[in-house]
Amino acid sequence: MIRFWLLVSALVLGACDESVDVVLGTERAYTVYGHLSVRSDTQAVRVYAIDQTIDVVRPNQLDASVTSRNLHTGEVYTWRDSVIQFGRHNFGHVFWARFRPDFEERHRLELVRSDGAMSAVEVQMPPESIPELVNPRITPGFVHLPILWQNAPRLNNIRVRYHTNRGTFTFEYPNDQVRSEHGQIATVLVYADVREVFREIFRATGSTSDARLKAIEQIVLVSSGDWIPPGNVFSHDVLIEPGTFSNVENGFGYVGAGYEASFYYEVFDSVAVAAGFSVR
């Protein structure tokens with residue numbers, strides 16, 4: 001169950017934010033946020049009822065019957081409602097089911113109200129992606145590491161982590177990527193990141209002379225090809241507006257398909273020196 005709670009806490013697109021707008025005067029049934037992952041044996045989505053009156057989510061069962069179907073195999077899964085407390089007076093409905101989707105499968109999630117109103121969404125699982133370093137540019141003071149994620153339709157939540165003898169430093173990257181015939185390329189801008197790494201090391205120790213770079217890691221969410229937010233940025237101010245970014249039939253919100261993956265690069269001495277680190 002630990003893995004399940006980690007998944008719930010990582011629900012995407014602000015799904016755990018209690019400020020999601022309630023839409024008045026609509027016949028749509030539900031707002032749904034979350035994503036399916038091939039890396040987890042438990043799937044979860046956050047569900048809001050679209051009510052005619054604005055009200056705080058209360059700690060009682062939601063009027064929703066939720067099932068999903070694997071459109072490749074025909075298997076049907078029944079999802080259970082969990083009422084989760086996110087704050088002193090704030091509760092949310094997280095529906096979950098135990099199954100692990102496979103690469104390239106398509107799944108349909110349906111949420112049905114007692115009066116028959118239904119919201120639904122179909123998601124396409126991305127293929128398996130194997131990352132590799134391609135055409136790096138390494139000169140004194142300039143290190144540029146393009147990572148090819150083979151067969152990846154889309155990358156989201158791109159981060160870069162620097163492993164040094166003085167700690168680990170993580171950078172959030174924009175979702176900039178270049179499409180190639182083999183997949184998506186996301187580039188690690190080492191020459192820019194290390195300036196902040198050295199600043200942090202100096203603030204903590206007063207010196208950077210013995211700072212050594214052990215490895216560079218790129219972490220991404222390999223995603224379905226349609227998981228592209230407006231302006232290519234996951235902006236809370238934009239996504240909070242109902243209907244701005246949605247793939248839910250007769251509803252609001254977004255359910256994606258993706259899995260976290262990483263590329264771990266143990267740097268050579270030549271790369272470390274070019275980036276400005278010591279190798280003594």
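The first residue in the sequence is number 1, and the count goes up from there.
Using a 4.0 Å cut-off between charged nitrogen and carboxylate oxygen, Glu266 and Lys214 do not count as a salt-bridge pair. Remark: Arg154 does not engage Asp226 in a salt bridge, criterion side-chain N to carboxylate O under 4.0 Å. Salt-bridge formation is detected for the pair Arg159/Glu260: a Lys NZ or Arg NE/NH1/NH2 atom is positioned less than 4.0 Å from an Asp or Glu carboxylate oxygen. A salt bridge is defined here as a Lys NZ or Arg NE, NH1 or NH2 lying under 4.0 Å from an Asp or Glu carboxylate O, and Glu196 with Arg203 meets this definition.
Looking at Glu217 and His163, their side chains do bring a donor and an acceptor atom within 3.5 Å of each other. Side-chain polar atoms of Ser207 and Ser209 form a donor-acceptor pair below 3.5 angstrom. Looking at Gln124 and Trp227, their side chains never bring a donor and an acceptor atom within 3.5 Å of each other. Inspection of the Asn156 and Ser223 side chains reveals an N or O donor paired with an N or O acceptor under 3.5 Å. Looking only at atom types and distance, the side chain of Thr170 has a donor-acceptor partner in the side chain of Arg161 under 3.5 Å away.
Under the 6.0 Å cut-off for aromatic ring centres, Phe99 and Tyr77 qualify, their centroids lying closer than that.
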Derivation and outcome, side chain to side chain donor-acceptor pair (under 3.5 Å), residues Asn151 and Ser129: CA-CA 6 Å; Asn151 302 317; Ser129 179; over 6 Å; no
Verdict with reasoning, Asp63 to Ser114, per side chain to side chain donor-acceptor pair (under 3.5 Å): CA-CA 6 Å; Asp63 178 15; Ser114 58; 2.8 Å; yes
Chi angles and distances behind the side chain to side chain donor-acceptor pair (under 3.5 Å) call for Trp79, Glu110: CA-CA 10 Å; Trp79 294 54; Glu110 295 184 348; over 6 Å; no
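The CZ atom of Arg100 sits 8.0 Å away from atom OG of Ser37, with the distance rounded to the nearest 0.5 Å.
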